[in-house]
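Data first, discussion second: the structure below is written as structure tokens.
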Amino acid sequence: MRVRFAPSPTGFLHVGGARTALFNWLLARQSGGTFVLRIEDTDRARSSVAMTNAIRRGLEWLGIDWDEGPYFQSDRVAEHTAAGRKLLAAGRAYRDFSTPEELARDRANIAALAGEATRAARRRAESLAPGEADERAAAGEPHAVRFLVPEGSTEWEDAVHGTMRFRNQDIDDLVILRADDSPTYNLAVVCDDAHVRIDMVLRGDDHLSNTPKQILLARALGFPVPRFGHVPLILGGDGKRLSKRHGATDIAEYRRDMLPEAMVNFLALLGWSPGDDREVMDREEIIRRFSLGRILRKGAVFDADKLAWLNGRHLSRMDLARLEALVNARLADLQQANEAAVQDRPGWSEGLLDMLRARARSVDALVRNVLLYRPGEVRYEPAAVRKHWKRPAQAQEYLEALRRVLDGCEWQPEPLEHALRGLAEDLGVGAGRLIHPLRVALTGQAVSPGIFDVLYYLGKDLSLDRIDRALETLAAGQAELRAGTRGRTAPA
Ligand code: GLU
């Protein structure tokens with residue numbers, strides 16, 4: 001199976017493009033086939049090297065590796081033009097000398113006919129005297145070359161949609177060479193697919209109307225016709241075509257938060273279903289189970305919550321050493337690497353990550369949480385303060401008492417728990433009354449992993465430092481905190 005991904009570098013790697021690339025790559029990998037990357041850069045004005053690089057980086061991040069290419073469509077313009085000339089010489093195409101005014105009129109007529117081909121350009125060409133077209137061309141008169149769409153109908157067995165049939169009378173005689181001799185998109189694609197012997201073209205539904213034209217061109221040129229499959233569009237939550245309004249559509253924007261395996265898992269399920277309710281799958285399982293027959297025919301909805309959920313599942317099950325390397329690289333970016341040795345207890349770093357990843361849904365959030373366990377100022381979240389330091393004097397009192405008992409404690413989760421619960425009993429309050437203000441002091445947040453694990457992973461020095469800082473803040477900010485409370489509850 002020889003398949004390809006043929007992006008135009010006029011934009012970044014879009015979620016839809018990444019999915020097309022992935023589906024083709026899966027077909028190649030499961031069949032021992034070849035995945036070809038072709039950059040369709042013939043639109044020189046809109047293509048850029050930066051976008052080509054962005055597309056390559058996106059594919060590399062996802063682990064979608066190509067076996068051949070990247071080929072650049074612009075390298076073969078001379079061959080495309082020659083193919084157009086060949087069709088002209090064979091009487092399968094004709095010269096079109098239509099004026100801009102005539103073409104504008106045709107367009108208006110086509111719109112009025114709801115798309116049906118007018119053959120107006122063909123009629124004008126046919127009205128020329130024998131030999132006239134060649135003479136005018138030889139004299140240098142600008143003209144386009146149009147493909148002469150044959151009679152009949154064009155059919156193919158679409159790998160997703162089943163039998164597809166277009167009446168040729170609805171297909172306009174498409175321009176294959178422009179006035180400057182440059183080939184158009186459909187001609188270039190047909191030549192290039194044949195050149196690298198593509199036998200399956202799997203791409204988005206937005207190309208459905210190009211397919212009969214490409215089949216006709218391939219036949220006219222004597223090329224083998226590949227199989228085709230068209231994958232439904234990706235939709236936003238409102239059922240409309242996915243766009244920036246729905247969230248990020250550039251794959252690069254997911255790199256900070258998502259694991260590539262989660263993104264691959266997510267993209268695979270956008271329009272494909274394994275046929276049971278299995279959702280969390282690694283690359284190998286997806287390669288094994290992917291099948292054209294299970295591509296859904298209707299649009300697939302992009303569900304950002306599902307992506308985050310899948311990411312969380314993959315974070316929880318990925319190799320811990322790999323996760324550690326990933327997090328450390330991020331910390332290095334944040335110039336926190338030199339703090340890594342702060343805790344030299346064996347297994348500390350892996351244990352911490354293992355604890356934190358259980359709740360994480362984004363890599364970035366995980367990294368931010370890791371940072372909490374390194375020396376540095378805690379930022380108190382206003383909502384956490386409002387909820388658990390509501391009565392500052394009391395929070396202060398509990399934290400002071402806690403500091404005293406914890407200071408004398410062996411720094412392991414169990415003795416720490418024992419100490420805290422003992423204190424709660426002595427004070428005649430539920431343990432939660434101590435735990436909540438303590439959590440705000442240690443993490444600044446209202447939610448965290450179990451508090452005894454938090455204490456353990458922070459270590460004694462950092463924990464006691466943070467309690468001290470909380471006590472200072474509470475002492476200094478009491479009036480302010482109270483005022484804040486009153487302000488919020490005052491009637492409008
Ligand atoms: N270059 C085209 C695009 O980016 C894809 C062509 C194809 O897959 O046949 O939409």
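Just follow the structure's listing: the first ligand is 1, and inside any ligand the first atom is 1. Residues: numbered from 1 along the sequence shown.
- Considering only heavy atoms from C-beta on, V149 comes within 4.5 Å of R119 through its side chain.
- Salt-bridge formation is not detected for the pair D257/R361: no Lys NZ or Arg NE/NH1/NH2 atom is positioned less than 4.0 Å from an Asp or Glu carboxylate oxygen.
- Using a 4.0 Å cut-off between charged nitrogen and carboxylate oxygen, D65 and R29 count as a salt-bridge pair.
- Not a single salt bridge (charged side-chain N to carboxylate O under 4.0 Å, His left out) links E79 to another residue, sequence neighbours left out.
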Check: every ligand 1 N/O to protein N/O pair under 3.5 Å:
residue  : atom   : partner : partner atom : Å
ligand 1 : 1 (N)  : A6      : O            : 2.7
ligand 1 : 1 (N)  : S8      : OG           : 2.9
ligand 1 : 1 (N)  : E40     : OE1          : 2.5
ligand 1 : 4 (O)  : S8      : N            : 3.3
ligand 1 : 4 (O)  : S8      : OG           : 3.3
ligand 1 : 8 (O)  : R4      : NH1          : 2.6
ligand 1 : 9 (O)  : R4      : NH1          : 3.2
ligand 1 : 9 (O)  : R4      : NH2          : 2.8
ligand 1 : 9 (O)  : Y185    : OH           : 3.3
ligand 1 : 9 (O)  : R203    : NH1          : 2.6
ligand 1 : 10 (O) : H207    : NE2          : 2.9

* Asked: Run the ring pair (Phe, Tyr, Trp, His ring centres under 6.0 Å) check on F166 and W156 step by step: do they pass?
  -> CA-CA 9 Å; F166 279 74; W156 76 93; 5.7 Å; yes

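- Using cut-offs of 30° and 60° on the angle between ring planes, the pair F290 and F23 is tilted.
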